[in-house]
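To start, the structure itself, in structure tokens.
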Amino acid sequence: MKILVVNAGSSSLKYQFIDSVSGIAYAKGICERIGGQGSLIEHKQLVKGLKVKVESPMKDHADAMKLVVKHLTDAEVGCISSMSEIEAIGHRVVHGGTYFSKSILMTEDVLAKLELCKDFAPLHTVAHIMGIKGCLEAMPDTPQVLVFDTAFHQTMAPEAYMYALPYEYYEKYGIRRFGMHGTSHRYVSAEMAKLLNKPVEETKIVTCHIGNGSSISAVKGGKVVDTSMGFTPLAGIEMGTRCGDIDPAIVPFIMEKENLSPAQVNDVMNKKSGFIGISGFSSDSRDLESVIEEGESNPNFERANLAVNILKHQIKKFIGAYTAAMNGLDAIVFTAGIGENNPHLREIVCEDMEFFGVEFDKAANAAANHPSEAVKLSKETSKVAVYVIPTNEELVIAQDTAAIVSAL
Ligand code: ADP
């Protein structure tokens, strides 16, 4: 089935047109600065290898969707002859709150429930609703399906998702661990399970989605038992600009010392911490790596190295904790921007892990940079397999959408 996968942000809309069976992506692109000055669409026809970038006014997400359809059906840069070839639309939705535990067909009721998710992820949810309404206006007869980043984590037991705060905060505000990047963890853990020669029910996998935002999950028998992100995507390991887990008492301490409001301290933890906070010069792992490669002669070396070593140490700790929580470990998977493209980080995480049964193949790791398919990074004799697996959230969204729509 041919599916249009949509990822709507507040002023942007990313899309991919994909065959849910073959997995072939025919086209992809992004509409930017929707509702603002100089809005533009960047469209790529992936089969012919064509790319166009056109400035075009888009007052809202409906205009953006009309422009996407125009490009998909364009005689030159398109890949279909008419809109009717778009059989369904699958939306990436960041937060399903306590309301959604699996992908679902969009209806008026579902949209009303999605409104309630604004409590958990206000900016994202508003953007998703605009994207869904934009699709409704541009393609009123095309079924839409919502696929939630939080859904795969819904299998966690209360002991993993509850915080030891007064219980009434859970009841009143729904404060609990939700986890994020679920679609990515689901894809790479399923791919990993296929590579392990045993029934899925018996597999124990730690998936490391390391990008600008990062999270680690423990997936036992195909189900998440724990994940590092929490009530919000701020929790867990160090990220590009986010601090990850810190002692919660630091928050009121800094607020008092620096005279910061809740919004300001939130900003510090979300936008001024992590790689950028520690290194003092960049949130991008490529910049840190090039300074580290230069060595101590570079004045930024020490703090760039510290930023990366903090991340390494934290990933190791999560792998250890999750191995204990699952009572075993079959495989570690690296994915996302850094996980797929940064051999140095993978090496420093996986060295000195013989105790866990990891025998790391440094040469295979060094060669696996930006791989297009799964690559094994552990030796044949290693008790625990280590892999890099490129994530494919769009394919999962397309497959879920096709499954729901074909059952209608
Ligand atoms: P997001 O969480 O925004 O989806 P990504 O998964 O794209 O982010 O990850 C962004 C991070 O991945 C950046 O730190 C960047 O340096 C790194 N990264 C992305 N592509 C490459 C690449 N080709 N080589 C090295 N690092 C990369």
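Atoms within each ligand, like the ligands themselves, are counted from 1 in listed order.
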Original post:
Is there a donor in the side chain of Asn266 and an acceptor in the side chain of Asn270, or the other way round, less than 3.5 Å apart?
Top reply: yes
Original post:
Relative to Tyr170, does Arg176 satisfy both conditions: NZ or CZ under 6.0 angstrom from the six-membered ring centre, and within 45 degrees of the ring's axis?
Top reply: no
Subject >> Neighbour count >12 (heavy atoms, 6.0 Å) for atom NZ, Lys376 >> reply: yes
Subject >> Closest protein heavy atom (residue, atom, distance) for atom 18 (N) of ligand 1 >> reply: Gly337 O, 3.5 Å
Original post:
Got a protein heavy atom sitting under 4.0 Å from atom 4 (O) of ligand 1?
Top reply: no
Original post:
Hey, looking at atom 14 (O) of ligand 1, which of Ser290, Gly213, Ser285, Gly339 has the closest heavy atom?
Top reply: Ser285
**OP:** May I ask you to check if ligand 1 and Arg286 share an N or O to N or O distance below 3.5 Å?
**Re:** yes
**OP:** With atom 23 (N) of ligand 1 as the reference point, say which of Asn341, Ile338, Asp287 has the nearest heavy atom.
**Re:** Asn341
Original post:
Taking both backbone and side-chain atoms of Ile210, is any N or O found less than 3.5 Å from an N or O belonging to ligand 1?
Top reply: no
Original post:
Would you call Leu146 and Leu114 a side-chain contact if the rule is heavy atoms closer than 4.5 Å?
Top reply: yes
Original post:
Is it true that the NZ or CZ of Arg303 lies under 6.0 Å from the centre of Phe301's six-membered ring and within 45 degrees of the ring axis?
Top reply: no
**OP:** Measure the distance from atom 15 (C) of ligand 1 to every protein heavy atom, then report the residue, atom name and distance (to 0.1 Å) of the closest one.
**Re:** Asp284 OD1, 3.4 Å
Original post:
Using a distance-only test with no angle check, is there a side-chain donor-acceptor pair under 3.5 angstrom linking Thr207 and His185?
Top reply: yes
Subject >> Close N or O approach (Asn212, ligand 1; < 3.5 Å) >> reply: yes
**OP:** Determine the minimum heavy-atom distance between Cys350 and Val386, stating which atoms define it.
**Re:** SG-CG1, 4.0 Å
Original post:
Does Asn342 come within less than 4.0 angstrom of ligand 1, counting non-hydrogen atoms of the residue?
Top reply: no
